[in-house]
Amino acid sequence: MRVIRLLKLAKHSEQLVLIVTVVKRSGNEMSIMAALWVISSVTFGSIIYYADCEHPETDMVSITATCWWTIATMSTVGYGDKAPKSNVGRLLGSFVVFLSMVFMALPMTLIVGKFSAAYDEMQNNQKEEDEEETVNEENRNGEKMIEGND
C-alpha cells in the first residue's frame, strides 16, 4: 500500500516525471543495450570457457560460470572471484572489458540526448505556463481596475 501511495506522489514531482518520460522514450535504446549484453555475455562466456578450460588452475568450470564472469566484467562490477588463467583467456577478457565500455557508451549517449530534449521541453512548458499565468493575472488586475472606475 505504501508503494502505491509513493507512486501517486511521484506524479506531482517534475523530476520523477522527467525520468519516467526519458525511460519511456529510451525503450528502443535500452532494449538494444540489453540484447547486446545477452548476446555478448553468452558469446564471450563460451569463447573464454573454451580458451581457458584446458588450464589446470582455471576458475572457469562451466559456460554458465564463465557467462557470470562475463556479466560481472561487462557491468564493471568485477568481483575478482574469478578470472581467466590462460593468456588467450586474459586477452579475450581484456577485449570484453573494452567492448563493454563501447556497449555502455553508445546507448547512453542516445539516452542522454533524449534526457536533454525532454528537459528542454519541460522547461519550455514551464515558461509557457508562467507566461500564461502572468497574462491571466494581468487580465484579472485590468478587470478589477475597470470595475473600480465604474
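Side chains included, hydrogens not; waters and symmetry mates left out as well; all remaining heavy atoms used. Quantities reported herein were computed from a predicted structural model and do not represent experimental measurements.
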Are side-chain heavy atoms of [X] and [Y] found at a separation under 4.5 Å?
{"X": "V102", "Y": "F98", "value": "yes"}
{"X": "S26", "Y": "F115", "value": "no"}
{"X": "I32", "Y": "L36", "value": "yes"}
{"X": "T73", "Y": "F44", "value": "no"}

Could you measure the distance from the [atom1] atom of [X] to the [atom2] atom of [Y]? Nearest 0.5 Å is fine.
{"X": "W37", "Y": "T70", "atom1": "CH2", "atom2": "OG1", "result": "11.0 Å"}
{"X": "F95", "Y": "S40", "atom1": "CZ", "atom2": "OG", "result": "10.0 Å"}
{"X": "Q126", "Y": "E131", "atom1": "CD", "atom2": "CD", "result": "11.0 Å"}
{"X": "M74", "Y": "S41", "atom1": "CE", "atom2": "OG", "result": "6.5 Å"}
{"X": "I47", "Y": "T66", "atom1": "CD1", "atom2": "OG1", "result": "11.5 Å"}
{"X": "Y49", "Y": "T64", "atom1": "OH", "atom2": "OG1", "result": "9.5 Å"}

Between D59, I48, D52, which is the residue that forms a side chain to side chain contact (heavy atoms under 4.5 Å, CB included) with W69?
I48
Tell me whether the count of non-hydrogen atoms from other residues, nucleotides or ligands lying under 6.0 Å of CD in Q123 goes above 12.
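Atom CD in Q123 is crowded, with more than 12 foreign heavy atoms closer than 6.0 Å.
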Give a yes or no on whether M30 and V20 share a hydrophobic cluster (residues Ile, Leu, Val, Met, Phe, Trp, Tyr; joining criterion: side-chain heavy atoms under 4.5 Å apart).
no
Grouping I, L, V, M, F, W and Y whenever their side-chain heavy atoms are under 4.5 Å apart, do I111 and L18 come out in a common cluster?
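In one cluster: yes.
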Backbone N or O of V112 within a donor-acceptor pair of the S116 side chain at under 3.5 Å?
no
Examine distances only and state if a side-chain atom of S86 and a backbone atom of A51 form a donor-acceptor pair shorter than 3.5 Å.
yes
Using salt bridge (charged side-chain N to carboxylate O under 4.0 Å, His left out) as the criterion, list what pairs up with R25, not counting sequence neighbours.
E121
Of all residues at least two apart in sequence or in a different chain, which pass the salt bridge (charged side-chain N to carboxylate O under 4.0 Å, His left out) check with K82?
none
Over all heavy atoms of both residues, which pair between V22 and K114 is shortest? Give the atoms and the distance, please.
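The answer is CG2-O, 4.3 Å.
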